[in-house]
Participant: 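Shown below is the structure under consideration.
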Amino acid sequence: MNLKEHATRVAVLKVLRDAVEEQYQATRREVLGELRAAREEYALKSIRVTLRDGTPIATITLIDPRPEVVVADEDAFTTWVVGNHPDEVETLVRVRPSWRRQFTAGLTAWPGPVTDPHTGEVVPGLETAPPPEPRSFSLRPVPGGTEQVARAWRTGEIDLSRLLALDGGEGRGETRSEIRGEARDEER
């Protein structure tokens, strides 16, 4: 390959990479919304992903954020820290942010009052915040799944012209012959 061919190849690959990334991100958002809905309706958290022939290629699982302890009343918490951990209070009369993060990270988030794990005392100003909606999911290929996708692509089982919307983002995914106006075999 000469420089011109390499330059053309890199330009085409960049267009394809950008199109794939755009479609990937848009599809991830759709899948996340559908997973959230399926979880609400069916208590579903994971799904097995297969090719059309049933060959498993991945598992998609909602990632559940954990509830965390947050400072709900700054003044009450600061007053408690002054009385119980005076070395952790700055002269501004605020809790040092690094200690605050360390202290709250070591607390158990559960319904009810938040307590000091060492003394059992209720810590004023703290409460457990409910976890937010899942913001992401993991996608883990099953053993051999990546190779199965590559095989399906090589054999034509996966049609990238239908999978990618390279037609200006419309997502219609026509085949080249349909774009040229040629009828598909089943329509003839």
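Numbers here simply count residues along the sequence, with the first being 1.
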Participant: I'd like to know if E90 pairs up with R96 as an ion pair, taking the criterion as any Lys NZ or Arg NE/NH1/NH2 lying under 4.0 Å from an Asp or Glu carboxylate oxygen.
Facilitator: no
Participant: Indicate yes or no: at least one non-hydrogen side-chain atom of T55 is less than 4.5 angstrom from one of T50.
Facilitator: no
Participant: Could you report the tightest heavy-atom contact between V69 and T108, atom names first, then the distance?
Facilitator: CG2-O, 4.1 Å
Participant: With a 4.5 Å cut-off on side-chain heavy atoms, are V70 and L126 touching?
Facilitator: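 The answer is no, as the side chains (C-beta and beyond) never meet within the 4.5 Å cut-off.
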Participant: Where is the tightest heavy-atom contact between V142 and P56, given as atom of each residue plus distance?
Facilitator: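 Between these two residues, the closest heavy atoms are CG2-O, 3.3 Å.
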Participant: Is there any side-chain hydrogen bond (donor to acceptor under 3.5 Å, both in side chains) pair reaching into residues 144-157, and which pairs are they, with sequence neighbours excluded?
Facilitator: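 Output for this query lists Q148-R151.
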Participant: Should T61 and R140 be marked as a side-chain contact (heavy atoms from CB on, under 4.5 Å) after you check the CA-CA gap, both sets of side-chain angles, and the distance that decides it?
Facilitator: CA-CA 8 Å; T61 304; R140 293 182 318 273; 4.0 Å; yes
Participant: Linking I/L/V/M/F/W/Y whenever any side-chain heavy atoms sit under 4.5 Å apart, do F137 and L44 land together?
Facilitator: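 The answer is yes; both residues are in one hydrophobic cluster.
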Participant: What are the two closest non-hydrogen atoms of V123 and T115, and how far apart are they?
Facilitator: CG2-C, 3.9 Å
Participant: Roughly how far apart are I57 CD1 and R48 CZ, rounded to 0.5 Å?
Facilitator: 10.5 Å
Participant: Would you kindly confirm whether V114 and V122 end up in one hydrophobic cluster when ILVMFWY residues are joined by side chain heavy atoms under 4.5 Å apart?
Facilitator: no
Participant: Evaluate L62 against L32 for side-chain contact (heavy atoms from CB on, under 4.5 Å), listing each step before the verdict.
Facilitator: CA-CA 8 Å; L62 273 175; L32 180 58; 3.6 Å; yes
Participant: Which residue pairs pass the ring-ring contact (aromatic ring centres under 6.0 Å, His included) test with at least one member in residues 61-82, sequence neighbours excluded?
Facilitator: W80-H85, W80-F103
Participant: Is any side-chain heavy atom of D116 less than 4.5 Å from a side-chain heavy atom of N84?
Facilitator: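 D116 vs N84: side chains apart.
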Participant: Between P67 and A109, which heavy-atom pair has the shortest distance, and what is it?
Facilitator: O-CB, 3.6 Å
Participant: Sequence neighbours left out, what pairs pass side-chain hydrogen bond (donor to acceptor under 3.5 Å, both in side chains) with at least one residue falling in residues 25-42?
Facilitator: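 Qualifying pairs: E21-Q25, Y24-R28, R28-S136, R39-D64.
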Participant: Quick one: do I47 and T59 satisfy side-chain contact (heavy atoms from CB on, under 4.5 Å)? Show the steps, please.
Facilitator: CA-CA 6 Å; I47 60 169; T59 300; over 6 Å; no
